[in-house]
Q: 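Dropping the structure in here first, questions after.
Residue numbers start from 1 in every chain, and the chains themselves are labelled A, B, ... in the order their sequence lines are given, proteins ahead of strands. Here the structure is a predicted model, which means the values were calculated and not measured.
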Amino acid sequence: MKDRLRQHIADALQACFSQGLLHSGVTPEIVLELPARSEHGDFATNLAMVLAKAEKKSPRQIAEIVRSALGDAGGIVDKVEIAGPGFINFFLAPGCWFGVLDEITEKGSAFGRSSLGCGMRVQVEFVSANPTGPLHIGHGRGAATGDAVASILEAAGFEVQREYYINDAGNQVNLLGRSIWLRLRELLGETVDFPEDGYRGDYIREIARDLLGGKGLEIAQLPEAEALGVCGLFGMQTVLDWIRRDLQEFGVRFDNWYSERSLYERDMVALELDKLRRKGLTYEDEGALWFRTTDYGDDKDRVLIRSDGTPTYFASDVAYHMEKFERGFHRVIDVWGADHHGYIPRIKAVLAGLGHAPEDLEVLLIQMVNLLRAGEPVTMGKRSGEFVTLRDVVEEVGRDACRFFFLMRRSDSQLDFDLALAKEQSADNPVFYVQYAHARICSINRNAAEQGVEVPKHGEADFSALRLEEEIALAKILARYPEALESAAKQLEPHRIVFYLQELAAVFHSYYNRQRVLTDDAQISRARLYLVNAVRTVLANALLLLGVSTPEQM
RNA sequence: GCGCGAUUAGCUCAGUUGGAUAGAGCGUUGGCCUCCGGAGCCAAAGGUCAGUGGUUCGAGUCCACUAUCGCGCGCCA
């Protein structure tokens, strides 16, 4: 509808030029916005104000000329008003809004999808938590966000890969091994000196017990260095299994699990660093190899290879990101904890050195989650090393509430997550409110079936039976869904979908409360069924992107 | 100290590329069940968009400075 109107305006403008009513020949992009107030019509454009300078006429004069050239825009415009400093306000013919219902019914689950991305290959890398402990609530927010962003991009016509980067090569694996080894010896009755920086969570003891139940006694006989290696590997595999299981139960699926260790096994780090060296992007100083990140806006240069010859984490990360582009992705999106924001300039500097545009890599920062219960902060465990796990929260409030809550705010702003609210079965709980709208429509469908009233098939609804303001309002908000999805895709902001859903649900609940769908008048009943089922389709399409289910009854 | 981000209603937050009288939920106050699921709906009150200056037809939005808060500044990962 918006596009049709835009085209009519563009045509009218051209007509003005060819008839000599306007002279500049300037054709700005025609911006149509949704006015905040209904007195300002359904759409408004600032076209006349933009043209004022080039035309050397007042905006209102220009607006008047454009209006007369536009006429009724092929019947879709009811009324055009010129207001304020020179806005042109369009009031659409009421009936034309219902065309979107046919479109929704025809396209079904494809309604809202677009080809914005033109099949461009994008990688979204997210979670990527170190395999040294269970996923906690912060990882959960990253998981929900990354997954939703990936789904939104898919819906916008990108070809998306979801990747998890496993940090299985660094010191933390050794430390994990040592922590398990010490707990294992503790279980064997020894007194151990547990290091300050060891992993102190109870899960370490759990892993040690598992190991002991298997071949722990043999391990205890091994030389320490060897035993540490076995413990580290076993611990990492155990934790990775937990992570996979938790993510699966959270409804998050990855296309690829990428091992940092494999970078070394394939010599990729050395290979990629060599490329940098040849490009003159590195230098040696004090026995270490440095990257000239300052040439590309970083605060200081960074070490790739330490003076003792071992690579830094940065080195493998550089190789990893270089390889992402070599794998053919045109866009790479990383989802990181917000505390890593200082790391962005470094990685961007590397990519800039390799000739990539800064926007080829986008980093989404995930802010902290404050866990509350009925308004009171939930304390993060008794001992150090303990935190609230994703698993615990999903078990308590369910997957749907969890995912919805994680996505309710912009990802880079802190989030209050109230466990009590997330479980509540009332309108106060936003997840429930939205899902309930869907369930209600399903309930209406069941009643309709019982009464023998059929939902009209595509194109068979009689819109003349839809005359109410609320019905037009519903059609209008449904028509906005593709835009909401598009802006969420452009900005990488899933919360826009959440806000849209809450608004749509509110308009529906309000309508439901005032008007009966199933009435004595079969014609009206059928038309309203058609309308509310379009609502149901859009609710389902949007919830699917967020990874939230669409219950038929609750 | 330097860098990044934030500051919008009592609370938690939205606010598209700069547009007209700044929005929502919660909380507060007051209403609505003969009715497809009241697991819901309607209404009211509530604002110096942190402050100052600038850019322009027009600023919550862009720029500069100030204040406050958060985070980051390893040859850690």
Side-chain angles (χ1 to χ4, degrees), chain A residues 29 31 33-37 39-40 44-46 49-50 52-53 58-59 83-87 89 130 132 167 169-173 175 197 260 285-290 298-300 302-308 310-314 316-317 337-345 365 367-368 370 372 375 408-410 412-416 418 421 424-430 432-433 435-437 439-448 450-451 453 483-484 486-488 490-491 493 495-496 498-499 502-503 506 509-519 525 528-529 532 553-554:
Chain A
E29 187 195 351
V31 177
E33 57 188 32
L34 303 174
R37 308 177 61 82
E39 305 100 271
H40 297 142
T45 182
N46 61 354
M49 289 181 291
V50 176
K53 204 168 268 179
S58 82
F87 287 102
N89 295 333
N130 284 348
T132 53
N167 292 117
N171 251 324
Q172 74 277 9
V173 181
L175 194 57
D197 57 352
E260 180 186 6
D285 188 37
E286 292 176 27
L289 183 71
W290 298 72
D298 199 5
D299 296 339
K300 49 173 291 192
R302 308 290 172 175
V303 172
L304 290 162
I305 307 287
R306 299 185 188 94
S307 44
D308 68 2
T310 60
T312 59
Y313 174 81
F314 180 53
S316 54
D317 225 17
D339 53 341
H340 288 67
H341 68 79
Y343 199 68
I344 298 174
L365 296 176
Q367 263 296 357
M368 277 179 47
N370 298 318
L372 308 172
M408 277 196 319
R409 304 276 176 251
R410 298 173 56 100
D412 61 353
S413 70
Q414 288 196 16
L415 171 71
D416 288 340
D418 195 310
L421 177 60
E424 204 167 300
Q425 309 246 310
S426 78
D428 293 347
N429 179 353
F432 188 84
Y433 185 76
Q435 287 184 316
Y436 181 49
R440 256 188 166 167
I441 297 168
C442 293
S443 169
I444 296 170
N445 285 340
R446 286 190 292 271
N447 284 315
E450 243 171 65
Q451 294 171 27
V453 185
E483 283 170 57
E486 189 178 313
S487 84
K490 280 184 179 161
Q491 314 287 324
E493 289 180 342
H495 77 273
R496 290 172 184 269
V498 175
F499 276 83
Q502 289 181 273
E503 208 181 323
H509 282 307
S510 170
Y511 174 65
Y512 175 92
N513 209 261
R514 284 172 193 253
Q515 308 296 337
R516 289 187 58 88
V517 172
L518 301 176
T519 62
S525 300
R528 290 183 178 176
L529 269 175
V532 297
Q553 49 192 18
M554 302 179 71

Q: Between A:H40 and A:A83 (side chain of the first, backbone of the second, donor and acceptor by atom type, cut-off under 3.5 Å), is there such a pair?
A: no
Q: Does B:C4 have its OP1 or OP2 closer than 4.0 Å to a side-chain nitrogen or oxygen of A:H340?
A: no
Q: B:U7 and B:U61: how far apart are their P atoms, nearest whole angstrom?
A: 11 Å
Q: Is any side-chain N or O of A:H509 under 3.5 Å from a base N or O of B:C41, one able to act as donor and the other as acceptor?
A: no
Q: Taking the C1' atom of each, how far is B:G5 from B:G46, in whole Å?
A: 29 Å
Q: For B:G18 and B:C62, measure between their P atoms and round to the nearest Å.
A: 8 Å
Q: Take the protein atom CD of A:Q515 and the nucleotide atom P of B:C42, then report the distance between them rounded to whole Å.
A: 12 Å
Q: Do A:R528 and A:I444 have side-chain heavy atoms sitting under 4.5 Å apart?
A: no
Q: Determine, stepwise, if the pair A:L365 / A:I344 fulfils side-chain contact (heavy atoms from CB on, under 4.5 Å).
A: CA-CA 10 Å; A:L365 296 176; A:I344 298 174; 4.1 Å; yes
Q: Out of B:U12, B:A14, B:G3, which has the shortest distance to the side chain of A:S413?
A: B:A14
Q: Starting at CG of A:L289 and ending at C1' of B:C75, how long is that distance when rounded to a whole Å?
A: 11 Å
Q: Which sits closer to the 5' end of RNA chain B, A:F314 or A:R446, going by the nucleotide each is nearest to?
A: A:R446
Q: Please determine whether salt bridge (charged side-chain N to carboxylate O under 4.0 Å, His left out) holds for the pair A:E450 and A:R446, giving the CA-CA distance in whole Å, both sets of side-chain angles, and the decisive distance to 0.1 Å.
A: CA-CA 6 Å; A:E450 243 171 65; A:R446 286 190 292 271; over 6 Å; no
Q: Among the nucleotides B:C71, B:G38, B:C75, which one has an atom lying closest to any side-chain atom of A:D339?
A: B:C71
Q: With syn defined as a glycosidic torsion within 90 degrees of 0 and anti otherwise, which applies to B:C42?
A: anti
Q: By nearest heavy atom, map A:P311 and A:Q425 onto RNA chain B; which one lands nearer the 5' end?
A: A:Q425
Q: To the nearest Å, give me how far apart CG (A:L34) and P (B:G15) are.
A: 15 Å
Q: Go through it in stages, so that I can follow the logic: the residues are A:Y436 and A:M554, the test is side-chain contact (heavy atoms from CB on, under 4.5 Å), and I'd like the CA-CA distance, side-chain angles, deciding distance and then a yes or no.
A: CA-CA 7 Å; A:Y436 181 49; A:M554 302 179 71; 4.1 Å; yes
Q: Reading nucleotides 18-30 of chain B from the 5' end, what letters show protein touch, with B for base, S for backbone sugar-phosphate only, - for no heavy atom under 4.0 Å?
A: -BBB----S----
Q: So, the side chain of A:R302 versus the backbone of A:K300: is there a donor-acceptor pair under 3.5 Å, distance only?
A: yes
Q: Anything below 3.5 Å on both distances counts as a pair; with that, list the stems of at least three consecutive Watson-Crick or G-U pairs involving RNA chain B.
A: B:1-7 with B:67-73, B:10-13 with B:23-26, B:28-32 with B:40-44, B:50-54 with B:62-66
Q: With rounding to the closest Å, how many angstrom separate the P atoms on B:A20 and B:G1?
A: 40 Å
Q: Do A:D317 and A:T312 make a side-chain contact, defined as non-hydrogen atoms from C-beta onward lying under 4.5 Å apart?
A: no
Q: So which nucleotide from B:A77, B:A14, B:G38 ends up closest to the side chain of A:R409?
A: B:A14
Q: Determine the interatomic distance between C1' on B:A50 and the same-named atom on B:G70; round to the nearest Å.
A: 16 Å
Q: For B:U48 versus B:A44, give the span between their C1' atoms, rounded off to a whole number of Å.
A: 23 Å
Q: So what does A:M554 touch, heavy atoms closer than 4.0 Å: a base, only the sugar-phosphate, or nothing?
A: base
Q: Please tell me which of the listed nucleotides, B:G72, B:U16, B:G74, lies nearest to the side chain of A:K300?
A: B:G74
Q: Would you sort out whether A:F499 and A:E493 count as a side-chain contact (heavy atoms from CB on, under 4.5 Å), showing the intermediate values?
A: CA-CA 11 Å; A:F499 276 83; A:E493 289 180 342; over 6 Å; no
Q: In whole Å, what is the span from the OH atom of A:Y343 to the C1' atom of B:G3?
A: 17 Å
Q: Any side-chain N or O of A:R302 less than 4.0 Å from the OP1 or OP2 oxygen of B:G74?
A: no
Q: Quick check for you: among B:C75, B:A77, B:U16, whose closest atom lies nearest to any side-chain atom of A:E286?
A: B:C75
Q: Any side-chain N or O of A:Y433 under 4.0 Å from OP1/OP2 of B:C41?
A: yes
Q: Out of B:C75, B:C42, B:A77, which has the shortest distance to the side chain of A:S510?
A: B:C42
Q: What I want to check is whether the side chains of A:Q172 and A:T132 have a donor and an acceptor closer together than 3.5 Å.
A: no
Q: Heavy atoms from C-beta onward define the side chain here; which of B:C75, B:G38, B:C71 lies closest to that of A:S307?
A: B:C75
Q: Looking at the side chain of A:R514, which of B:G15, B:G38, B:C42 is the nearest nucleotide?
A: B:C42
Q: Let me know the distance between CZ of A:R410 and P of B:G15, rounded to the nearest Å.
A: 6 Å
Q: Please name the pair of heavy atoms, one in A:V517 and one in A:V532, separated by the smallest distance, quoted to 0.1 Å.
A: CG2-CG1, 3.9 Å
Q: Just the rounded figure in Å: distance from C1' of B:C76 to CG of A:N167.
A: 12 Å
Q: Sequence neighbours excluded, which residues qualify as side chain to side chain contact (heavy atoms under 4.5 Å, CB included) partners of A:S487?
A: A:R496
Q: Would you mind reading off the distance between A:I344 atom CD1 and B:C4 atom P, rounded to a whole angstrom?
A: 12 Å
Q: Please state the C1' separation for the pair B:U28 and B:U12 - nearest whole angstrom.
A: 16 Å
Q: Using whole Å, what does the distance between atom C1' of nucleotide B:C76 and atom CG of A:N130 come to?
A: 11 Å
Q: I'd like the P distance from B:C49 over to B:A43, given in whole Å.
A: 26 Å
Q: Looking only at side-chain N and O atoms, does A:Q414 come under 4.0 Å of OP1 or OP2 in B:C69?
A: no
Q: Taking the side chain from A:N429 and the backbone from A:L421, do they hold a donor-acceptor pair closer than 3.5 Å?
A: yes
Q: Tell me which nucleotide among B:C4, B:C76, B:G15 gets nearest to the side chain of A:R306.
A: B:C76
